[in-house]
Amino acid sequence: MKEEIQKSLQDIISGLYDNPELNTDLYVVHIQDNKDKEHGDLASNIALVLSKPLKKNPKEIANEIIEQFSLDANIIKVEVAGPGFINFFLSKSSHGEVLKKISSEKKNYGKVQPINKKVLIEYVSSNPTGPLHIGHGRGAVFGSVLSKLLKEAGFEVDEEYYVNDFGRQMNILSVSLWIRYAQLFDSQVKMLKNGYQGEYLIDIAKKLKKIKSDEFYIANKNISKLINSDQEEDEVFTDHVIEIFKSQLSKDFNFLRDFALEEIIDLIKRDLLDFGVNHNKWFSESSLYQNDKETESRVEKAIQGLKSNGFVYEKDNAIWFKSSDFGDDKDRVLKRGNGDYTYFASDVAYHLDKYDRGYDRVINIWGSDHHGYIPRVKAAMEANNRDKDKLEVVFIQFANLIREGKKITMSTRSGEFITLKELIEEVSTEAARFFYINRKADQHLDFDLDLAKEQSKDNPLYYIQYAHARICSVLRKSKAKDSELDNSDLALLDSDREVEIQKMLQQYPTLIEKAALSSEPHLICYYLKDLASSFHSYYNSEKFLVEDEMLMNSRLFLLSGVKQVIHNGLSILGINAPQEM
RNA sequence: GCCCCGUUAGCUCAGCCGGAUAGAGCGCUGGAUUCCUAAUCCAGAGGCCAUAGGUUCAAAUCCUGUACGGGGCACCA
């Protein structure tokens, strides 16, 4: 309906005012939904916009336009109001079209035809050194909902997890695992101060013991003494221990590392799956460093690319990238003085790889603490002759957990964090997903654990789900068949509440499109709350199982539309719409 | 110092690609259930949209400054 009005207005103004001085194609007619019923259903501000270029009174323009506008069965009245708005009044029966559409499209209502565009969303990508904790939860939900949303908007989506399985932290993880393992034989062995303290490594150590018995321990027993001499958090000492381990265990050290890595990734994958998060691609950082006999690794190639464009230099034994040439605060190190590549070096190679895989959009979902990181990555893309604007980064602000009105404090040090798994066990996957996504991503979020568990209208998720369950219940009792509802008389749905609900249902596809384009899935939550609220009002004001079968069927038809849209919206959030509660 | 983000009802927050009288939930006050799920609904009170300018026919919305609050600025990952 909007599109039709827009088109005919566009035709009218180009007919009336188009001339060599004024190209009316430049003025896009905007049609808005009106809040106030007095103003009709839809309105256009085009006369106000054209007032200046035409040097004419907007009301006069509006009147000229509506003279040319022809009414039909759906658009029953048009008028000029206020400073020059053109208001459109729709017939009550015209609102019912949306119900037929929903009824025929069902799950696909709101879905856009494939647009043949590919998008890569990289998210979570937490270090594989321990299980996911609640700090990762928000990004995880956001990424998975955005993925569903973009699929709904017609994109082909890949969801990727970048595994940081390279470098020093992997070594520390291996050492930590060995210590946990050694502790199974000698409880006197102490964990490194800088080691990974979490208990999950004990479980993994037990598994290791099952496979290797005491083999690794006996052969390297002497290291325990060295470790126990660790008294303070000294990075140099930690590196020293790593070196000893590497030389003494040699091949076994790699085994240890691979074993720990595999176990932890397994843990992460299980947690994500329980949380409704499904990455279809897992990208290993260390693969960027593999080189075939003939070619250099992707990291070396990436640096070579920067170098050949003249943006690399050497200083203090390190290799630097001149990111300051592209607006970054300062230059960044690619390869440290000790010969190690930095994380940034990996990231340059990784992003080049993403670009070269042929996506139309590349989206990163990062914790907001990484925002200072954008300039250098974009600089690296630019320096490699790639379009820096292709990379979109969404920042996720941290979430606080609130219990009994108070913030729960955590320290990631020493492993005292609440895991994602514990959160899910406490409040359920669905509540956790909803509460994480319910707020704009770049805003602080207070996650109220008590509210998430509450079963009342104060809990917005229950409120929405309850609306769905209530409708299911009515439909069950009515025993009405879909085919009967399809033939109901839509003109009977003419009360204010009924019209309002039909309008809301009509807005759903626009909402999905908007949420997808702006990467703002929280809009779905707000929409669903509004829709549920309108339904609950309606439910309390009308009776549905009435004698008059035509009336009953038309009302039930409306309810089934609401039900379908709640279902579709929740499914994008990865949340179930219950038949009963 | 530099860079992000915020400031809207007592509280928690929507709205922000400019549109007509600024919204929701909680809390507060008062009401609704012989009936399809009261896990619900209805009504009322409650606002200089931080502040000062600017752009515009029109600003909570766009631009600039200021104040206050949160976060970030590694040869870490």
Side-chain angles (χ1 to χ4, degrees), chain A residues 30 32 34-36 38-39 43-45 47-49 51-52 57-59 81-85 87 125-129 164 166-170 172 235 285 315-320 328-330 332-347 367-375 395 397-398 402 405 438-446 448 451 454-460 462-463 465-467 469-478 514 517-518 522-523 525-527 529-530 532-533 535-546 552 555-556 559 580-581:
Chain A
H30 184 74
Q32 67 182 50
N34 281 338
K35 290 177 223 160
D36 190 338
E38 299 291 310
H39 299 138
S44 174
N45 64 349
L48 293 158
V49 175
S51 165
K52 187 141 201 183
N57 182 317
K59 280 193 167 178
F85 289 104
N87 291 336
S125 301
S126 122
N127 288 338
T129 53
N164 296 121
F166 187 81
R168 187 165 176 268
Q169 57 170 348
M170 281 292 105
I172 297 176
E235 301 290 343
E285 181 186 7
K315 192 181 85 181
D316 304 332
N317 280 332
I319 294 177
W320 296 71
D328 196 8
D329 294 341
K330 51 184 165 187
R332 307 291 172 176
V333 172
L334 292 162
K335 196 176 189 178
R336 290 158 61 190
N338 68 3
D340 288 346
Y341 288 101
T342 59
Y343 177 82
F344 175 57
S346 305
D347 243 1
S368 64
D369 54 331
H370 282 69
H371 93 260
Y373 207 77
I374 285 195
F395 291 106
Q397 190 54 261
F398 299 117
I402 310 286
N438 185 30
R439 186 99 154 79
K440 255 194 301 194
D442 61 350
Q443 306 292 350
H444 291 275
L445 166 71
D446 285 339
D448 188 331
L451 181 60
E454 201 166 304
Q455 307 199 354
S456 76
K457 77 188 192 84
D458 297 355
N459 178 339
Y462 267 85
Y463 185 76
Q465 289 183 317
Y466 180 47
R470 250 184 164 175
I471 294 172
C472 290
S473 168
V474 176
L475 292 176
R476 256 196 316 270
K477 292 227 159 102
S478 77
K514 188 180 171 194
L517 288 179
S518 59
H522 72 282
L523 294 174
C525 298
Y526 283 89
Y527 172 84
K529 274 184 268 185
D530 277 352
S533 168
F535 159 72
H536 284 307
S537 282
Y538 182 44
Y539 181 91
N540 274 273
S541 70
E542 298 290 355
K543 195 157 165 49
F544 301 96
L545 304 180
V546 290
M552 177 178 91
R555 287 179 178 170
L556 292 178
L559 290 201
E580 53 191 328
M581 290 169 77

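Each chain gets a letter, A, B and so on, in the order the sequences are listed, and its residues count up from 1.
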Interatomic distance at [atom1], [N] relative to [M], whole Å:
N: B/U61; M: B/U7; atom1: P; result: 11 Å
N: B/G72; M: B/G30; atom1: C1'; result: 50 Å
N: B/C41; M: B/G25; atom1: C1'; result: 15 Å
N: B/A20; M: B/A60; atom1: P; result: 10 Å
N: B/A32; M: B/A14; atom1: P; result: 36 Å
N: B/G15; M: B/A50; atom1: P; result: 15 Å
N: B/A59; M: B/U51; atom1: P; result: 16 Å
N: B/C76; M: B/G6; atom1: C1'; result: 29 Å

If you check the [X] side chain, which of [options] turns out closest?
X: A/Pro83; options: B/C75, B/G19, B/A14; value: B/G19
X: A/Tyr462; options: B/C5, B/A39, B/C75; value: B/A39
X: A/Lys440; options: B/A20, B/G15, B/C36; value: B/G15
X: A/Thr342; options: B/C41, B/U37, B/A77; value: B/A77
X: A/Leu523; options: B/C75, B/A39, B/G15; value: B/G15
X: A/Ser473; options: B/C57, B/U37, B/C36; value: B/U37
X: A/His522; options: B/C36, B/A39, B/G15; value: B/G15
X: A/Asn45; options: B/G19, B/C75, B/C42; value: B/G19
X: A/Gln455; options: B/A39, B/C36, B/G72; value: B/A39

Distance only, no hydrogens: is a donor on one side chain within 3.5 Å (strictly under) of an acceptor on the other, for [X] and [Y]?
X: A/Lys529; Y: A/Asn438; value: yes
X: A/His536; Y: A/Arg470; value: yes
X: A/Glu285; Y: A/Ser346; value: yes

Please work out if [X] contacts a base, only the sugar-phosphate, or nothing of the nucleic acid, heavy-atom cut-off 4.0 Å.
X: A/Asn438; result: nothing
X: A/Gln169; result: sugar-phosphate
X: A/Lys543; result: base
X: A/Lys330; result: sugar-phosphate
X: A/Ser51; result: nothing
X: A/Phe85; result: base
X: A/Asn34; result: base
X: A/His39; result: base
X: A/Tyr539; result: base
X: A/Lys35; result: sugar-phosphate
X: A/Glu580; result: base
X: A/Phe166; result: sugar-phosphate
X: A/Glu285; result: nothing
X: A/Gly337; result: base

My understanding is that a pair needs two contacts under 3.5 Å, Watson-Crick or G-U wobble. By that rule, which nucleotide pairs with [N]?
N: B/G18; answer: none
N: B/U7; answer: B/A67
N: B/A59; answer: none
N: B/C73; answer: B/G1
N: B/C41; answer: B/G31

Using modelled atom types only, decide if a donor and an acceptor are shared between the side chain of [X] and the backbone of [Y] within a distance under 3.5 Å.
X: A/Arg439; Y: A/His444; result: yes
X: A/Asn338; Y: A/Asp340; result: yes
X: A/Trp320; Y: A/Leu334; result: no
X: A/Asp442; Y: A/Phe395; result: no

Original post:
Under 4.0 Å between a side-chain N/O of A/Ser541 and OP1 or OP2 of B/C42, yes or no?
Top reply: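 Indeed not, no polar side-chain atom of A/Ser541 lies that close.
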Original post:
Does OP1 or OP2 of B/U37 have a side-chain N or O of A/Lys477 closer than 4.0 Å?
Top reply: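 Yes.
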Find out whether [X] and [Y] are in side-chain contact, i.e. whether some heavy atom of one side chain is under 4.5 Å from a heavy atom of the other.
X: A/Pro128; Y: A/Asn164; answer: yes
X: A/Ile471; Y: A/Arg476; answer: no
X: A/Ser533; Y: A/Tyr463; answer: yes

Return the value, rounded to whole Å, for the distance between atom [atom1] of [X] and atom [atom2] of [N].
X: A/Phe535; N: B/U37; atom1: CZ; atom2: P; answer: 10 Å
X: A/Arg439; N: B/C5; atom1: CZ; atom2: P; answer: 15 Å
X: A/Arg336; N: B/C76; atom1: CZ; atom2: C1'; answer: 8 Å
X: A/Tyr373; N: B/C76; atom1: OH; atom2: P; answer: 12 Å
X: A/Lys529; N: B/A24; atom1: NZ; atom2: C1'; answer: 8 Å
X: A/Gln443; N: B/C5; atom1: CD; atom2: P; answer: 10 Å
X: A/Asn540; N: B/U37; atom1: CG; atom2: C1'; answer: 11 Å
X: A/Tyr526; N: B/G25; atom1: OH; atom2: P; answer: 12 Å

**OP:** Return yes if the base of B/A20 and the side-chain atoms of A/Asn87 contain a donor-acceptor N/O pair under 3.5 Å, otherwise no.
**Re:**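 Yes, a donor-acceptor pair under 3.5 Å.
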Original post:
Under 3.5 Å, is there an N or O donor on one side and an acceptor on the other linking the side chain of A/His536 and the base of B/C41?
Top reply: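 A donor-acceptor contact between them is absent.
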Original post:
Hey, which of these two, A/Asn338 or A/Gln397, hits RNA chain B nearer its 5' end, going by closest nucleotide?
Top reply: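 That would be A/Gln397.
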**OP:** Identify, between A/Leu48 and A/Ser456, the residue whose nearest nucleotide on RNA chain B lies closer to the 5' end.
**Re:**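 Looking at RNA chain B, the more 5' nearest nucleotide goes with A/Leu48.
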